[in-house]
2 protein chains.
Amino acid sequence: MATTGGAGRPEKRRAITRAATTVFGREGYVRAGMDAIAAEAGVSKRTVYNHFADKETLFLSVALQSSAELTGRIRALTAEHLDRVTDLRQGLTDFAVERARAVLSAGETGERGAKAHGDHGDHEDYEDHGDHEDYEDHGALDRAIRAEVANIPADVLEAWQEAGPIARRRELARCFEALADRGLLVAEDAALAAERFTLLTFHGIAERSFWGALPVADAEVRRIAAVGVDAFLRIHGTPRPASGG
Amino acid sequence: MATTGGAGRPEKRRAITRAATTVFGREGYVRAGMDAIAAEAGVSKRTVYNHFADKETLFLSVALQSSAELTGRIRALTAEHLDRVTDLRQGLTDFAVERARAVLSAGETGERGAKAHGDHGDHEDYEDHGDHEDYEDHGALDRAIRAEVANIPADVLEAWQEAGPIARRRELARCFEALADRGLLVAEDAALAAERFTLLTFHGIAERSFWGALPVADAEVRRIAAVGVDAFLRIHGTPRPASGG
DNA sequence: GTCTATACAGGGATAGAC
DNA sequence: GTCTATCCCTGTATAGAC
C-alpha cells in the first residue's frame with residue numbers, strides 16, 4: 001500500500017491527512033513543509049513519518065482522497081438539482097453555481113491570500129474538528145495537483161484523473177442522458193453535451209479565478225452560470241412550443 | 001525598472017531571459033535553480049545576478065515578456081486566419097487549432113514528460129540556438145505563472161493579466177466585432193461571443209492536457225476545434241439562407 | 001509501546017565575497 | 001568565474017512521557 005503500515009491511532013491519521021490537505025492546498029507541494037503539516041495536525045513529525053513513508057506518498061495519498069471526495073460532493077449536487085428537476089433552466093443554473101462554489105472555494109470559505117497567520121498559537125486538540133467531515137479545501141488541493149502534474153508518476157496521475165475529472169464528466173453525462181430521455185434536452189451525444197455545459201458554465205470563472213487561487217465574487221459566479229446556461233440551452237435545449245413572452 | 005541596471009552586453013541579457021524562460025517553464029518557479037539558468041544561458045551565475053536583482057525579479061520579468069509575446073503570436077494568428085476570411089467555419093477552425101498549438105506547445109515541440117533526460121552530456125555551445133527567435137516555451141511559462149499565482153504580487157499579476165489573457169480576450173473580441181459588422185456572425189456582445197469561442201474550442205484541450213503539461217495529440221486538437229466551432233456557430237453563426245445539402 | 005519534543009546529518013538553495 | 005556563508009528542508013536519531 002501507499003502507507004507505511006497500520007501503526008498508530010486512526011484519529012491521528014485523520015488529523016494528518018486533514019492537515020496535509022490544508023497545507024498542501026495553501027502552499028503547494030514544493031513549498032509545503034513536513035514540519036508545518038505536523039504542526040497543523042497537532043502531532044509530532046515522527047508520527048507523520050510513522051503513517052506515511054515520505055512527503056510524496058503523503059501528497060499523493062491526500063490528492064487521491066480529496067479528488068474522490070470532490071467527485072462525491074459534485075455527485076450530490078447533481079442529484080439535488082437535476083435528478084427531479086422541473087424548471088430545467090433554474091436547475092442547471094443552480095447546479096452550475098453550486099459546483100463552481102464547491103471547486104473554487106477561495107471566495108467565501110478559506111481566507112487565502114492573507115499570508116500572515118501570525119503565530120497560530122494554542123489550539124491544541126485539533127482532532128475533534130473531524131465532525132464537519134468536509135474540509136472545504138478540495139479545490140485548493142486540486143490546484144496543487146494541477147501545478148505538479150509534470151512531476152506525478154503516470155499511474156498515480158491516471159488514478160487521480162479517474163477518481164476526479166473523468167468520473168465527474170462521466171457522471172454528468174449520465175445525468176444529461178437521463179434528461180435527454182425525459183425529453184428535456186436535445187443531445188445525441190450526452191457526453192458532449194455535458195462537456196459543453198461544463199465549459200460554458202464553469203471554465204470561464206475557473207480561468208478568471210485561476211482555479212480558485214484568487215477569490216471570485218459570488219455575483220460573478222451567478223452571472224457566468226446564467227449566461228452559460230443560456231448558451232447551453234440554445235444548443236441543447238428543446239425548442240419551446242411557444243415562448244410565453 | 002524591475003532589472004538591476006543596464007549593465008552588461010544585451011546579448012548576454014537575452015541569453016539569460018531565454019534560459020530563464022526555458023528552465024522556469026520546465027521546472028516551475030520553486031524547483032528551478034539559478035545555477036541551472038546560468039548554465040542554460042552559458043553565462044556565469046554572477047552575470048545573472050548582474051542583470052536581475054534576484055530569482056523572483058527574473059521570473060516576473062520573463063513572465064511579463066513571455067505573456068506579451070504569446071499575445072503577439074495569437075494576434076498574428078487572428079490576422080492570418082480571420083481578418084480576410086471567406087470560409088468562416090474553416091477560418092475559425094484553423095485559428096482554433098493554431099492557437100491551441102501555440103499555447104499548449106508540449107505536443108510536438110518539447111519532449112516534456114520523459115523525465116529522464118539521462119546525462120544531458122556534451123552539447124556545450126547552446127547559445128547559437130537563438131536564431132529561431134521564438135522560444136516555443138510560452139505555454140510552459142504560462143503554466144508556471146498559473147501555478148504560482150498565489151505568490152505573485154498583486155500589481156505584477158495585474159500587469160501580467162493585462163498583457164496576456166485580458167489583452168487576448170479584448171483583441172479577439174475586436175476581431176469578432178469586425179466579423180459581426182461584416183454580417184458573418186450574429187453577436188450583440190462581441191466580447192461574450194469571443195469568450196464562448198475560446199471556451200468551446202480551447203479550454204477543453206487545455207483542461208485535458210493540463211495547459212500543455214501533458215502532450216496532446218494533434219488529431220485531438222483538430223477534433224475538439226471542429227466540434228467547438230460547430231457549437232459556436234450554432235449560437236453565433238448567421239442562419240444559412242439555404243443549406244445546400 | 002506509541003507519541004512528543006528536539007536535535008542532527010545531508011543535501012541544495014540563494015545570494016554575495018573574492 | 002569560483003568559492004563560500006547562511007539558511008531551509010527532508011528524513012532520522014535520541015531523548016523522555018503516558
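Reminder, nothing fancy here: chain letters follow the sequence lines and each chain counts from 1. As the structure is a prediction and not an experimental result, all values here were calculated from the model.
When the P atom of D:dC18 is taken as reference, atom NZ of A:Lys12 falls 13 Å away, rounded to whole Å. What separates CZ of B:Arg46 from C1' of D:dA5 is a distance of 16 Å, to the nearest Å. Between A:Glu11 atom CD and C:dT2 atom P the separation is 15 Å, expressed in whole Å. Atom-to-atom, CG of A:Asn50 to C1' of D:dA13 comes out at 14 Å; the value is rounded to the nearest Å. In this structure, the CD atom of B:Glu27 is 14 Å from the C1' atom of C:dG12, given to the nearest Å. If you measure from atom CG of A:Leu58 to atom C1' of D:dT10, you get 13 Å, rounded to the nearest angstrom. The CG atom of A:Asp54 sits 17 Å away from the P atom of D:dC9 (whole-angstrom rounding). Distance CD1 (B:Ile37) to C1' (C:dA13): 12 Å, rounded to an integer number of Å.
At least one test fails for A:Arg146 against the ring of B:Trp211: distance under 6.0 Å to the centre or angle within 45° of the axis. Figure legend: cation-pi geometry between A:Arg143 and A:Phe210 absent, as NZ or CZ is not positioned both under 6.0 Å from the six-membered ring centre and within 45° of its axis.
A:Ala38 comes within 4.0 angstrom of nothing in the nucleic acid, heavy atoms only.
Distance from the side chain of A:Lys45 is smallest for D:dT10 among the nucleotides C:dC3, D:dT2, D:dT10. Which of C:dA15, C:dA5, D:dT12 sits closest to the side chain of A:Tyr49 comes down to D:dT12.
With respect to A:Arg223 and A:Glu220, a salt bridge is recorded, a charged nitrogen being found less than 4.0 Å from a carboxylate O.
Aromatic ring pairs are classed by plane angle as parallel below 30°, tilted from 30° to 60° and perpendicular above 60°; the pair B:His81 and B:Phe95 is tilted.
For C:dT2, the OP1/OP2 oxygens have no side-chain nitrogen or oxygen of A:Thr47 closer than 4.0 Å.
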